[in-house]
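Shown next, in structure tokens, is the structure this report addresses.
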Amino acid sequence: MTKIQKIKIILVACLLSLVAGPALAAEVSFDTKTQEVKANQSFEVGVFINTDNESINALEGQIVFPVDLLEPKEIRDGNSIVNFWIERPKIESDKIHFSGITPGGYLGKKGLIFSVIFQSIQEGSGSIEIQDIKALLNDGKGTKANTTISNLQLVISKQVPASQPAVVEKKDTDIPETFEPIVTSDPSIFDGKYFLVFATQDKGSGIDYYEIKESRQKFLKIFKKWVIAESPYVLKDRKLRSYVYIKAVDKAGNERIAVVEPRYPIKWYENYWIWIIIILAIIFSFIVIKGNLWKKQ
Amino acid sequence: MKKNQLITYIFIIFPLLLGSSFFLFQNSIFAASDATVEATIKISVCGNGIKEGSEQCDGSDLAGQSCTTEGYTGGTLSCSASCTFNTSACTTAAPAPASGGGGGGYVAPVTSVVFSGRAYPKSSVTLLKDAQITATTIAGADANFQISVSGLSGGNYIFSVYSEDNKGIRSSLLTFPVSVTSGATTNVSGIFISPTIAVDKSEVKRGDDIAIFGQSAPQADIVVSVASDEEFFGKTISDKDGVYLYNFDTSIIDYGTHNTKSKASIGNQLVSSWSYLVGFRVGTKNIMAELPKVVTKGDLNSDRRVNLIDFSIAAYWYKRSSPLASADLNGDGKVDLIDFSIMAFYWTG
């Protein structure tokens with residue numbers, strides 16, 4: 001092989017490698033690759049996935065941030081492509097771990113997983129990193145997809161940067177989406193006790209928390225206290241005679257209450273409200289009769 | 001105490017005592033009668049497509065009710081997962097403005113999404129919003145369907161749709177992210193649900209034909225793939241009922257396990273996604289196959305659905321030692337992300 005032939009082969013190989021492009025891989029990244037922020041400023045960082053023509057239905061991983069430079073304030077998942085969190089994104093020292101599923105799969109170039117509101121603490125530079133990412137294909141086998149990551153390089157300075165990122169403040173007046181909690185039981189969990197499953201979304205600010213109240217007395221439920229709860233929730237009334245109220249509260253404080261009717265409602269004579277009415281009626285009758293008797297005397 | 005006062009007190013106290021004794025006594029009586037009642041259990045299964053007992057509806061069985069009977073002026077009444085009416089797609093017409101002036105009231109714009117496309121003739125079509133059933137409808141004889149969902153907020157939703165054919169076989173889940181604009185109606189058209197698929201033999205004698213069949217839209221071009229070391233493709237056309245049948249000659253493939261899937265197209269423009277994979281074995285004898293179960297994997301509580309309940313049971317066993325065998329979908333001795341991925345694939349809402 002002559003020298004010219006060798007050069008030709010190398011040139012063709014180089015051209016082919018340019019044309020071939022990268023192999024299929026889902027990429028998990030942030031909004032941008034670099035970010036300049038002023039010290040003591042709040043800003044939002046979105047975590048996205050580009051599935052690269054593959055349908056992904058399960059995701060897990062963690063975000064690691066420099067605690068000396070950043071303080072995480074809030075996690076927003078209202079518009080997430082993840083429908084059900086196995087482990088909801090949670091701030092733990094310098095990490096935010098997450099795992100969840102998208103039934104039916106997600107295929108797209110910019111699917112929001114969640115976003116984090118950070119506050120810069122002091123000047124310096126560092127990076128917010130994506131670690132231990134696992135994305136599984138929607139193929140019924142849980143095949144691991146090839147993944148790549150792209151971290152965020154961060155510079156925090158005293159000077160106001162030319163393009164200043166900020167927290168997107170959107171006034172959320174919408175209440176969370178409608179939802180239908182389900183009461184069920186299964187011998188394999190909670191010792192076969194009845195439990196409640198529920199989930200809803202809030203596209204504005206995201207769900208903040210849920211509260212539950214169980215009451216056999218429909219009209220006297222105001223005397224029962226709401227308790228913070230998560231799905232699945234083991235019902236206290238194992239006889240299923242209570243109305244169960246589930247309140248979904250979003251991060252803007254908007255509420256939606258769903259009600260599960262009792263499977264075995266109480267009898268009429270067990271309803272305190274009816275007895276209150278009867279007693280009041282008797283007292284009223286007593287007053288009327290007594291008044292009439294005195295008048296006659 | 002005067003005589004009249006005494007009579008009055010007796011008049012008041014007696015009914016109270018009578019009432020309270022009735023209350024206490026009746027509790028014990030009714031406890032006993034409750035035991036009798038509990039012995040006569042009426043079974044109603046939510047999700048079997050038949051309205052029973054206290055159910056308002058079940059699947060497509062709406063007990064003859066519609067949006068108008070529920071007090072609305074129009075729209076599509078559907079049945080929720082808990083067998084109660086879902087009126088979210090029902091509409092109430094705004095009253096006609098009175099003639100002759102006067103100030104008009106503000107009518108808030110409706111945020112809705114309208115889905116339309118093709119399933120199978122007269123098949124049930126189920127729509128999921130963020131993985132939970134939000135509406136069901138029945139496709140027309142031409143396989144066309146339309147579902148409207150209102151009462152939404154502006155934001156990103158994951159909608160999914162699937163259908164069930166005339167043999168009760170479910171299609172794969174077709175999912176699409178939709179960005180909904182507040183106060184506007186978003187139209188999602190051109191949906192083409194993948195065909196259902198089944199085989200007549202679980203094991204086929206090498207050289208014999210295996211029948212690959214299912215349902216799609218009428219007169220659709222069906223491509224059948226048989227995946228082995230090499231992938232073979234065959235073509236057929238569905239009949240007027242959308243039913244297709246393809247006889248595959250197994251003499252061209254080796255002994256062992258093989259998978260088949262199908263997809264449909266109409267006029268080379270409307271193309272469905274691939275159906276579920278169905279496996280069969282090429283061996284030395286013929287063994288007839290049963291029709292695919294409605295749900296094959298992920299139905300942990302055996303209610304023929306894969307939904308939030310199953311997810312909750314699996315989540316309970318997530319990363320725990322000695323997990324429930326049925327929650328360990330890939331049989332690797334642990335419940336982890338892979339099991340959730342398999343569950344998400346077979347999701348029904």
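Lettering follows sequence order; numbering is per chain, from 1. Not measured: the values here are computed from a predicted model.
Neither the backbone nor the side chain of B:Y276 comes within less than 4.5 Å of any heavy atom in chain A. When heavy atoms are compared at a cutoff of 4.5 Å, B:S153 approaches chain A by way of both its backbone and its side chain. Contact of B:L324 with chain A is made through the side chain alone, with heavy-atom distances under 4.5 Å. For A:N57, the parts sitting under 4.5 Å from any heavy atom of chain B are the backbone and the side chain alike. The parts of A:K134 that come within reach of chain B are both its backbone and its side chain, each placing non-hydrogen atoms under 4.5 angstrom from that chain. For chain B, the nearby part of A:F198 is the backbone; its heavy atoms alone come within less than 4.5 Å. Using a 4.5 Å cut-off between heavy atoms, B:F311 contacts chain A through its side chain alone, with no backbone atom that close. When heavy atoms are compared at a cutoff of 4.5 Å, A:L59 approaches chain B solely by way of its backbone atoms N, CA, C and O. The part of A:Q201 that comes within reach of chain B is its side chain, from C-beta onward, which places non-hydrogen atoms under 4.5 angstrom from that chain. If you measure heavy-atom distances from A:L137 to chain B, the contacts under 4.5 Å come from the backbone alone. Looking at A:N138, both its backbone and its side chain come within 4.5 Å of chain B, counting heavy atoms on both sides. When heavy atoms are compared at a cutoff of 4.5 Å, A:S55 does not approach chain B at all. Looking at A:D202, there are no atoms closer than 4.5 Å to chain B (heavy atoms on both sides), in backbone or side chain.
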Test side-chain contact (heavy atoms from CB on, under 4.5 Å) applied to A:E177 and B:Y157, step by step: CA-CA 11 Å; A:E177 302 276 312; B:Y157 289 82; 2.5 Å; yes

Chi angles and distances behind the side-chain contact (heavy atoms from CB on, under 4.5 Å) call for A:F84, B:W347: CA-CA 12 Å; A:F84 299 112; B:W347 197 265; 3.3 Å; yes

Verdict with supporting geometry, B:W317 and A:I189, side-chain contact (heavy atoms from CB on, under 4.5 Å): CA-CA 8 Å; B:W317 290 106; A:I189 63 170; 3.4 Å; yes

Audit row: A:I86, B:K319, side-chain contact (heavy atoms from CB on, under 4.5 Å) steps and yes/no: CA-CA 11 Å; A:I86 305 165; B:K319 289 183 177 172; over 6 Å; no

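When all heavy atoms of B:Y318 and A:S99 are compared, the closest pair comes out as OH-OG, 3.8 Å. Minimum heavy-atom separation, A:P103 to B:T175: O-OG1, 3.9 Å. Between B:P177 and A:L107, the shortest heavy-atom distance links the atoms CG-O, 4.4 Å. In plain terms, the two heavy atoms of A:I81 and B:I158 that are nearest each other are O-CG1, 4.0 Å. A pairwise comparison of heavy atoms in A:K141 and B:I338 identifies O-CG2, 3.7 Å as the closest pair.
By a heavy-atom distance cut of under 4.5 Å, not one residue of residues 328-336 of chain B is near chain A.
Each of B:A327, B:S179, B:S312 has some count of heavy-atom pairs under 4.5 Å with chain A, and the biggest count is that of B:S312. Top candidate by heavy-atom pairs under 4.5 Å with chain B, chosen from A:T102, A:L112, A:D139, A:I278, is A:D139. In terms of non-hydrogen atom pairs under 4.5 Å with chain B, the most contact-rich of A:G105, A:G142, A:S188 is A:S188. Chain A forms more heavy-atom pairs under 4.5 Å with one residue of B:A344, B:A315, B:G155, B:S172 than with any other, namely B:A344. When each of B:L300, B:I309, B:L277, B:L173 is checked for heavy-atom pairs under 4.5 Å with chain A, B:I309 comes out on top. When the candidates B:L174, B:L152, B:D339, B:N156 are compared by the number of heavy-atom contacts under 4.5 Å with chain A, B:N156 comes out ahead.
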